[in-house]
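Structure record follows, encoded as structure tokens.
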Amino acid sequence: MARDYYGLLGVGKNATDQELKRAYRKLARELHPDVNPDEAAQARFKEVSTAYEVLTDPEKRRIVDLGGDPLENGGGGAGFSGAGFGGLGDVFEAFFGGMSGQGGGGARKPRGRVQPGADSLIRTRLSLAECAVGVTKHLTVDTAILCDICHGAGTNGNSKPVRCETCDGAGEVQSVQRSFLGQVLTSRPCPTCRGAGETIPDPCHKCGGDGRVRARREIAAPIPAGVANGMRVRLAAQGEVGPGGGHAGDLYVEVVEQPHDTFVRDGDDLHCTVRVPMVDAALGTTVVVDTILDGPTELTINPGTQPGEVIQLRGHGMPRLRSGARGDLLAHLDIVVPTKLDGKQTDMLRKFKGSRDKDRAEVMSAQSEHNSGLFARLRASFSGR
């Protein structure tokens, strides 16, 4: 299964390059090995970097949007040489807080312990009927929630955070290096407080000072009528609670529409195939179609119906999202010619044929009205090769 590159960065499929960049820089400051030595964080940082490199490459992003994975067949992983990283300036700014020459540069403010939480993504399978009428899905999600012991403070009992001794509350440490440019001052988040400017000597026993814990919970997700495969429904503040009990991110519920036994969906329209015996096509008949929203609906097949004809029932298709309008139902007629006849049936057809002297098999002109559509499709198929 293709990786969810958008989900790794916590952005939607319509995210701009600037939004991708902001999301990546935010995660990089939290997960970079110079900031977070935890092995799990380093592994996630590699995944986030790979996702950013893929989505900032137009060709790779096109493959992702088509449902593929550009790295599935041995593609390269994340690196810092790709064009998507916007140059070394962005890398230093994202990871180390900027770079300045001799005697220059101002210090950043400590980022603080309380940070907003990340967005989450969950997929849910819906039948065509559920997509048509809308439904409330009860889902199980596994996210970080507020610690019920310290309520986000991260401290044990009445203890309080203290100023970090390593960075003296600045949230960053600086070092001076000599280069061909002269002395270069670089800054990076403090490894002790991870940029918060303070530490917790007596952390909460349940959350370890993070202010949040992971938990599995049930939520009710209202899915509106008219959703289609791949659409996402946003549930505000139902995602990950941030470090220090920060405001929770959003939860996105992605719709996975299941195939239907009778209907094929094309946007707001529904298509089905109706098999009609040859005699019924000649004499005319009616057939009942069990529609999604309107129940059994009678379809009238006129006398003399030809193979390939399409009967359109306006307003019997899918509802349009956030609109009272509906698409159409299109019934494609498949005229069935009997393959096995007994003697009596054969005699009856021969008598019928004898009564219609003008009905003979013949080769039609390519310019005839009957063949115009056929030859147009043939010409299109050959010209596309």
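Source: prediction; values computed, not measured.
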Problem - Whether Asn229 side chain and Glu257 backbone form a donor-acceptor pair below 3.5 Å - result: yes
Fill in the blank from the handout: Test side-chain contact (heavy atoms from CB on, under 4.5 Å), reference Ser120, set Val141, Asp142, Thr143, output is Thr143
Exercise for the section: May I ask you to decide if Gly246's main-chain N or O and Arg113's side chain share a donor-acceptor pair within less than 3.5 Å? Expected result: no
Exercise for the section: Can you sort out the partners of Arg326 under salt bridge (charged side-chain N to carboxylate O under 4.0 Å, His left out), two or more places apart, ordered by chain and number? Expected result: Asp294
Exercise for the section: Output, in order, the C-alpha distance, side-chain angles, deciding distance and verdict of side-chain contact (heavy atoms from CB on, under 4.5 Å) for His316 and Ile292. Expected result: CA-CA 8 Å; His316 286 267; Ile292 296 293; over 6 Å; no
Handout entry: Any donor-acceptor N/O pair, Gln238 side chain to Leu235 backbone, under 3.5 Å
Key = no
Handout entry: Trace of the side-chain contact (heavy atoms from CB on, under 4.5 Å) decision for Val276 with Val287
Key = CA-CA 9 Å; Val276 183; Val287 62; over 6 Å; no
Practice task
Measure the shortest side-chain to side-chain distance between Ile311 and Leu330 over non-hydrogen atoms and say whether it is less than 4.5 angstrom.
Solution key: no
Handout entry: Pairwise side-chain contact, Val162 with Pro201, heavy-atom cut-off 4.5 Å (strictly under)
Key = yes
Exercise for the section: Examine distances only and state if a side-chain atom of Glu309 and a backbone atom of Gln306 form a donor-acceptor pair shorter than 3.5 Å. Expected result: yes
Exercise for the section: Just jot down the salt bridge (charged side-chain N to carboxylate O under 4.0 Å, His left out) partners of Asp202, sequence neighbours excluded, or say none. Expected result: none
Handout entry: CG (Asp342) with more than 12 external heavy atoms under 6.0 Å
Key = yes
Problem - Sub-4.5 Å side-chain heavy-atom contact between Gln42 and Lys46 - result: no
Exercise for the section: Report yes if some heavy atom in the side chain of Ile219 is under 4.5 Å from a heavy atom in the side chain of His138; otherwise report no. Expected result: no
Exercise for the section: Please work out whether the ring planes of Phe45 and His32 are parallel, tilted or perpendicular, with thresholds of 30° and 60°. Expected result: perpendicular
Problem - Gap separating the CD atom of Glu130 from the OG1 atom of Thr136, nearest 0.5 angstrom - result: 10.5 Å
Handout entry: Residues Arg194, Glu172: salt bridge by 4.0 Å N-O rule
Key = no
Practice task
Inspect the contact between Arg212 and Asp210 and indicate whether a charged nitrogen and a carboxylate oxygen are less than 4.0 angstrom apart.
Solution key: yes
Handout entry: Atom pair CE (Met318) and CG (Leu128), whose distance is rounded to the nearest 0.5 Å
Key = 4.5 Å
Problem - Approximate separation, where rounding is to 0.5 Å, of Lys26 NZ and Gln115 CD - result: 8.0 Å
Problem - Glu254/Arg123 ion pair, N-O < 4.0 Å - result: yes
Exercise for the section: Mind checking the CD-OG1 spacing from Glu165 to Thr192? Nearest 0.5 Å is all I need. Expected result: 9.0 Å
Exercise for the section: Give a yes or no on this: more than 12 heavy atoms of other residues, nucleotides or ligands lie within 6.0 Å of atom CD of Glu218. Expected result: yes
Exercise for the section: Taking atom NZ of Lys206 as the centre, report whether more than 12 heavy atoms of other residues, nucleotides or ligands fall under 6.0 Å from it. Expected result: yes
Exercise for the section: Could you check if a side-chain atom of Lys137 sits within less than 4.5 angstrom of a side-chain atom of Arg125, using non-hydrogen atoms only? Expected result: no
Exercise for the section: Please identify each residue that fulfils salt bridge (charged side-chain N to carboxylate O under 4.0 Å, His left out) with Asp250, with sequence neighbours left out. Expected result: Arg234
Practice task
Find the distance between SG (Cys272) and NE2 (His332) and round it off to the nearest 0.5 Å.
Solution key: 7.5 Å
Handout entry: Asp17 side chain near Arg61 side chain, heavy-atom distance below 4.5 Å
Key = yes
Exercise for the section: Walk me through it: do Tyr6 and Asp65 pass the test side-chain contact (heavy atoms from CB on, under 4.5 Å)? Expected result: CA-CA 10 Å; Tyr6 291 101; Asp65 290 341; 2.6 Å; yes
Practice task
May I ask you to test the Leu329-Phe263 pair for a side-chain heavy-atom distance under 4.5 Å?
Solution key: yes
Exercise for the section: Indicate yes or no for a side-chain donor-acceptor contact from Ser355 to the backbone of Phe352 under 3.5 Å, with no hydrogens or angles considered. Expected result: yes
Practice task
Inspect the contact between Glu47 and Arg44 and indicate whether a charged nitrogen and a carboxylate oxygen are less than 4.0 angstrom apart.
Solution key: no
Exercise for the section: Examine distances only and state if a side-chain atom of Asp38 and a backbone atom of Ala41 form a donor-acceptor pair shorter than 3.5 Å. Expected result: yes
Problem - Polar side-chain atom of Asp328 near backbone of Gly315 as donor-acceptor pair, under 3.5 Å - result: yes
Problem - Asp280 side, atom CG; Thr285 side, atom OG1 - distance, nearest 0.5 Å - result: 4.5 Å
Completion exercise
Closest heavy-atom pair, Ala221 versus Val253, reported as atoms and distance to 0.1 Å, is CB-CG2, 4.1 Å
